[in-house]
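First up is the structure itself, then whatever we jot down about it.
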Amino acid sequence: QVQLVESGGGLVQPGGSLRLSCAASGVIFTISAMGWYRQAPGKEREFVATITRGGSTNYAGSLKGRFTISRDGAKNTVYLRMNSLKPEDTAVYYCHAATWTATAGYDYWGQGTQVTVSS
């Protein structure tokens with residue numbers, strides 16, 4: 001079992017920056033990758049970024065290099081730095097973790113944190 005708690009969302013002006021945090025707890029040694037997804041009202045949830053246990057990262061091409069995912073292993077936390085924010089970045093951002101055990105793999109989700117980009 002893994003619990004994910006996001007924080008850092010809020011209101012920011014266009015062109016501004018935010019850093020989201022996701023703290024993992026539980027059987028965290030089973031986590032193989034963590035990442036971020038987002039969902040705007042009326043839209044499907046979309047992939048944002050992921051980072052593996054080995055440190056490999058992947059990003060949605062539409063973000064054009066504006067977002068950076070990182071991790072702090074000692075704190076069992078992943079971060080999403082969002083720069084040059086645009087109104088279309090407004091969404092609920094969800095933390096995700098993929099885990100493995102000797103018998104099965106599972107997906108876990110946080111409850112989400114709201115990011116609003118507006119003047």
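Position 1 is the first residue of the sequence, and the numbers go up from there.
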Around atom [atom1] of [X], are there more than 12 heavy atoms from other residues, nucleotides or ligands closer than 6.0 Å?
{"X": "Gln3", "atom1": "CD", "value": "no"}
{"X": "Gln111", "atom1": "CD", "value": "no"}
{"X": "Glu88", "atom1": "CD", "value": "yes"}
{"X": "Trp100", "atom1": "CH2", "value": "no"}

Could you tell me the separation between the [atom1] atom of [X] and the [atom2] atom of [Y], rounded to the nearest 0.5 Å?
{"X": "Arg19", "Y": "Met82", "atom1": "CZ", "atom2": "CE", "answer": "11.5 Å"}
{"X": "Ile69", "Y": "Cys22", "atom1": "CD1", "atom2": "SG", "answer": "9.0 Å"}
{"X": "Lys75", "Y": "Ser21", "atom1": "NZ", "atom2": "OG", "answer": "9.0 Å"}
{"X": "Thr52", "Y": "Met34", "atom1": "OG1", "atom2": "CE", "answer": "12.5 Å"}
{"X": "Tyr108", "Y": "Thr30", "atom1": "OH", "atom2": "OG1", "answer": "6.5 Å"}
{"X": "Thr50", "Y": "Tyr59", "atom1": "OG1", "atom2": "OH", "answer": "10.0 Å"}

Next on the checklist: What I want to check is whether the side chains of Tyr93 and Arg38 have a donor and an acceptor closer together than 3.5 Å.
Outcome noted: yes
Item to check | Distance-only polar pair, side chains of Thr77 and Asp72, donor-acceptor under 3.5 Å | outcome: no
Item to check | Heavy-atom closest contact (Arg53 atom, Phe29 atom, distance) | outcome: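 For Arg53 versus Phe29, the nearest heavy atoms are NH1-O, 3.4 Å.
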Item to check | Minimum heavy-atom distance Gly9-Leu20, with the two atoms named | outcome: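 Here Gly9 and Leu20 meet closest at N-CD2, 3.6 Å.
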Next on the checklist: Do Thr113 and Ser7 make a side-chain contact, defined as non-hydrogen atoms from C-beta onward lying under 4.5 Å apart?
Outcome noted: no
Checklist entry - In terms of ring plane angle, is the pair Trp109 and Tyr37 parallel, tilted or perpendicular, where the classes change at 30° and 60°? => result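 Geometry flag for Tyr37 against Trp109: perpendicular rings.
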Checklist entry - Can Leu85 and Asn83 be said to form a side-chain contact (heavy atoms from CB on, under 4.5 Å), step by step? => result CA-CA 5 Å; Leu85 285 164; Asn83 296 323; over 6 Å; no
